[in-house]
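Okay, so here's the structure we're looking at.
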Protein chains: 2
Amino acid sequence: MNHSLTEENYLKALFHLEKNMGEVSVNELSKNLDIKMPTVTAMMKKLSDKKLVAYQKYKPLKLTDKGRREAGLIIRKHRLTEMFLVEKMKIGWEEVHDIAEQIEHIKSTVLFEKMDELLGFPSIDPHGSPIPDRKGIMNKYSYRKLSDCKSGDRVKLSALINTSNEFLKFLNARFLKLGVKISINHVEPFDGSMNVSYSGRKNELLSHLVCEQILVE
Amino acid sequence: MNHSLTEENYLKALFHLEKNMGEVSVNELSKNLDIKMPTVTAMMKKLSDKKLVAYQKYKPLKLTDKGRREAGLIIRKHRLTEMFLVEKMKIGWEEVHDIAEQIEHIKSTVLFEKMDELLGFPSIDPHGSPIPDRKGIMNKYSYRKLSDCKSGDRVKLSALINTSNEFLKFLNARFLKLGVKISINHVEPFDGSMNVSYSGRKNELLSHLVCEQILVE
DNA sequence: ATAAATTGTTAGATTAGACTAACAAATTTT
DNA sequence: AAAATTTGTTAGTCTAATCTAACAATTTAT
Ligand SMILES: [Mn+2]
Ligand SMILES: [Mn+2]
Ligand SMILES: [Mn+2]
Ligand SMILES: [Mn+2]
C-alpha cells in the first residue's frame, strides 16, 4: 500500500494502456513511458512481487485487481488536482497536467479529501475525463467522437481524447471548451473535415484529425 | 538551477541550521537530517561541485550565496504552500507542514505564483515565520520570547519557534493562535511558568518550556 | 516451413543516495 | 603534554532505477 513515485507512474501507464488498447505488451509500455524494455521487464517483476501486476514471461501484461485499484487512486489524485487547479486556482486547462503529474504522488489523505470537498465531489476533470471514486473505480464514459456525427447534428462538447498542451491551446484559440454546443453545418466527404458553429463562432472549419479527438453527447 | 528532492532537503536543512546556530558542522547536519555523517560528507562534496556549498575538509559547512538563495526559494515554496493550505483549503495549521514538505519540491512557477497571488502576497506563514521573497531573501523577524516578558506585559502572539505537530495541538487545546493578545498576570519565580489571560481564557498556566517556544511583540 | 523481423529476457554496468567499518583529524579532558 | 573522546573522512557495500549488449522466444513474411 506504499509505492514509489516510479512504481506509481508504471501502474498509471499500465492502467491507461489496458483501458485504451486491451492487451498491453512490454514493448508498448516501454514506448509509452520512454523507458527501455529491460527496465520495464524488471519493474514488472517487482510489481508482480507486490501483487500489483500478474506477470508471466512472454505473456501480455495485466494489472491485478489490487494494481488496478491502486492505479485508479493515483488517477483520482491526478484528476482531482487538475480540477482544483483549474476551478479554484484559475490555472489554464492546458497547464494543469504537468503539475498534476507531480502532485498525484503526494502522500496525504487530507489534502485530496479537501480538494474533493471544496470542489463539491466532482465526477469529471477539466478535460472531461472521469475521476475514479474513493475505491479507485473509474466509470467509463460513453460519448461519441465528433467525427462520428453527421451534418445537422447538434451536440455538446463533453470530453477530449487528446489532452496534450498543444491540442488544448488549439482549442483555446478557437474558444472551444467543455460544455460548448456545437452545430454541424456540413461534413466534407473528401477529407472528413467539418464546418461547425457554436457560441459566437460561425462556420469554423475543423479537420477530421481534430474531430476525432473531441467527444460529444 | 535544477536540484533533486534530496539535494533540496539538504540545502533547506543547512539554511535553517545556519540561521539558528551560526556555524554548522557535518555532525549537526547529520543529526538534523537523521542521515549518517559519511552520507552527509558525500552530499556536501556534491553540492560543492554545484557551487551551492563552500566545502572544505574539517571546516564548518557554509552555503554559498547561490546556495542560500536556492534554499530560500524552497522555503518560500514551503511557506506559501502552508499558508495556502490553511487559508484557502482550511486545513489545520498542525497538519500542513508534512504536506508542504512534499509540495515544496514541485517544479512549477505558475503554481506558486498563483498561490502567492490568491493569498495577496503574504509575508508570513501560518506559524508566523517569514516567507522569503521571489529572490529567496528572508527577513529575520525581531520578536521576543514570551518567556522574556514580565508580569503586567500585554503582548501579541506573533510567531512560534517550535512548530511541531505536538506543540501546535497543545496550542489548539488552549485556543492559542497567531494574533491572540496575551496579558501576563504573574510569573512564577521558581520555575518561570506564567499565568496569562487572553481572549476568553482567564488564568491559563503556561510552563517556561512552552513560553520559550512562543514569540510575541 | 523457413527465414526474417520483432519482441522479450538475461546479464552486466552505471548513478544517486543511503549504509557500516576503519581510520584520521580535531577537540576536550585529565 | 598525553590520553580519551568526538568529529570527520575514506573505502567499500547495498538498493532502486536506469542503461547497453547479447541472446532467446514469438510473430510475421516469404
Ligand atoms: Mn492529466
Ligand atoms: Mn506522475
Ligand atoms: Mn513547515
Ligand atoms: Mn521536503
Side-chain angles (χ1 to χ4, degrees), chain A residues 1-14 17-18 20-63 67 70-71 74 101-102 104-107, chain B residues 1-14 17-18 20-63 67 70-71 74 101-102 104-107:
Chain A
M1 211 62 113
N2 201 11
H3 317 299
S4 71
L5 179 148
T6 307
E7 288 169 340
E8 290 188 345
N9 283 335
Y10 276 92
L11 286 177
K12 209 163 52 104
L14 246 179
L17 288 172
E18 266 191 8
N20 301 326
M21 323 288 197
E23 306 241 293
V24 184
S25 64
V26 171
N27 196 240
E28 265 171 345
L29 184 52
S30 163
K31 281 171 182 154
N32 186 274
L33 289 169
D34 195 24
I35 288 174
K36 295 290 180 293
M37 283 200 289
T39 310
V40 171
T41 301
M43 181 57 83
M44 290 308 103
K45 287 176 177 171
K46 192 171 174 214
L47 293 178
S48 180
D49 291 347
K50 289 183 136 190
K51 311 287 185 210
L52 297 166
V53 166
Y55 175 76
Q56 288 177 279
K57 272 190 191 184
Y58 302 106
K59 292 271 159 52
L61 303 173
K62 254 196 82 53
L63 285 169
E70 302 278 350
I74 302 159
E101 199 59 51
Q102 302 174 67
E104 68 190 358
H105 306 291
I106 301 286
K107 265 51 179 180
Chain B
M1 212 61 113
N2 202 11
H3 317 298
S4 72
L5 179 148
T6 308
E7 289 169 338
E8 289 188 345
N9 283 335
Y10 275 91
L11 286 176
K12 208 163 52 107
L14 246 179
L17 287 173
E18 267 191 7
N20 300 326
M21 321 291 196
E23 306 241 289
V24 184
S25 64
V26 170
N27 196 241
E28 266 171 346
L29 184 52
S30 163
K31 280 171 182 155
N32 186 274
L33 289 169
D34 196 24
I35 288 174
K36 294 292 180 292
M37 282 201 289
T39 309
V40 171
T41 300
M43 182 55 85
M44 289 307 105
K45 288 176 177 172
K46 192 170 174 216
L47 294 178
S48 180
D49 290 346
K50 288 183 138 191
K51 311 289 183 204
L52 297 166
V53 166
Y55 175 76
Q56 288 177 279
K57 273 191 188 180
Y58 301 107
K59 291 271 159 53
L61 303 173
K62 253 195 82 53
L63 286 168
E70 303 278 352
I74 302 158
E101 199 60 50
Q102 301 173 68
E104 68 189 358
H105 306 290
I106 302 287
K107 264 52 177 181

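Just so we're on the same page: letters track the sequence lines, and every chain starts at 1. Computed from a predicted model, the values in this text were never measured in an experiment. Values reported hereafter were calculated over all heavy atoms of this structure, with side chains retained and with hydrogens, waters and symmetry mates removed.
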Distances for protein N or O near nucleotides 20-27 of chain D N or O, under 3.5 Å:
from   : atom 1 : to      : atom 2 : distance (Å)
D:dA25 : O4'    : A:Tyr58 : OH     : 3.4

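- Dashed line: the shortest gap from a side-chain N or O of A:Thr41 to OP1 or OP2 of C:dG8 is not under 4.0 Å.
- Between A:Lys12 and A:Glu101 there is a salt bridge, since a side-chain N of the basic residue sits under 4.0 Å from a carboxylate O of the acidic one.
- In this structure, A:Met44 atom CE and D:dA16 atom P are separated by 15 Å, rounded to whole Å.
- Spacing between atom CE of A:Met43 and atom P of D:dC19 amounts to 11 Å, rounded to whole angstrom units.
- Within the 4.0 angstrom heavy-atom criterion, no nucleotide atom of any strand lies near A:Ser30.
- For C:dG8, the OP1/OP2 oxygens have no side-chain nitrogen or oxygen of A:Lys59 closer than 4.0 Å.
- For A:Lys107 against A:Glu8, the heavy-atom pair with the smallest separation is NZ-OE2, 2.8 Å.
- We find that NZ of B:Lys45 is positioned 16 Å from C1' of C:dA18, with the value rounded to whole Å.
- Of all heavy-atom pairs between B:Ala71 and B:Leu11, the closest is CB-O, 3.7 Å.
- Side-chain atoms of A:Glu28 never come within 3.5 Å of backbone atoms of A:Leu17 as a donor-acceptor pair (strictly under, hydrogens ignored).
- In this structure, A:Ser30 and A:Val40 approach most closely via the heavy-atom pair CA-CG2, 3.8 Å.
- Considering all non-hydrogen atoms of both residues, A:Met43 and A:Glu7 come closest at SD-CG, 3.9 Å.
- Under 4.0 angstrom from either OP1 or OP2 of C:dA16 there lies no side-chain N or O belonging to B:Tyr10.
- Here the side chain of A:Thr6 is nearest to one of C:dG8, D:dG8, D:dT18, namely D:dT18.
- When rounded to the nearest whole Å, the span between CG of B:Asp34 and C1' of C:dA18 equals 12 Å.
- The CD1 atom of A:Ile35 sits 15 Å away from the P atom of C:dG8 (whole-angstrom rounding).
- Here the closest non-hydrogen pair linking B:Glu18 and B:Leu63 is OE2-N, 2.8 Å.
- Between the CD atom of A:Glu28 and the P atom of C:dT7 there is a distance of 9 Å, given to the nearest Å.
- Per the geometry, CD belonging to A:Glu8 stands 16 Å off P belonging to D:dA16, to the nearest Å.
- If you take CD of A:Gln56 and P of C:dG8, they are 14 Å apart, rounded to a whole angstrom.
- Taking CG from B:Asn2 and NZ from B:Lys50, the interatomic distance works out to 7.0 Å, rounded to the nearest 0.5 Å.
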Under 3.5 Å, which N/O atoms of the protein pair with N/O atoms of nucleotides 12-14 of chain D?
none

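- A pairwise comparison of heavy atoms in A:Met37 and A:Asn27 identifies SD-ND2, 3.4 Å as the closest pair.
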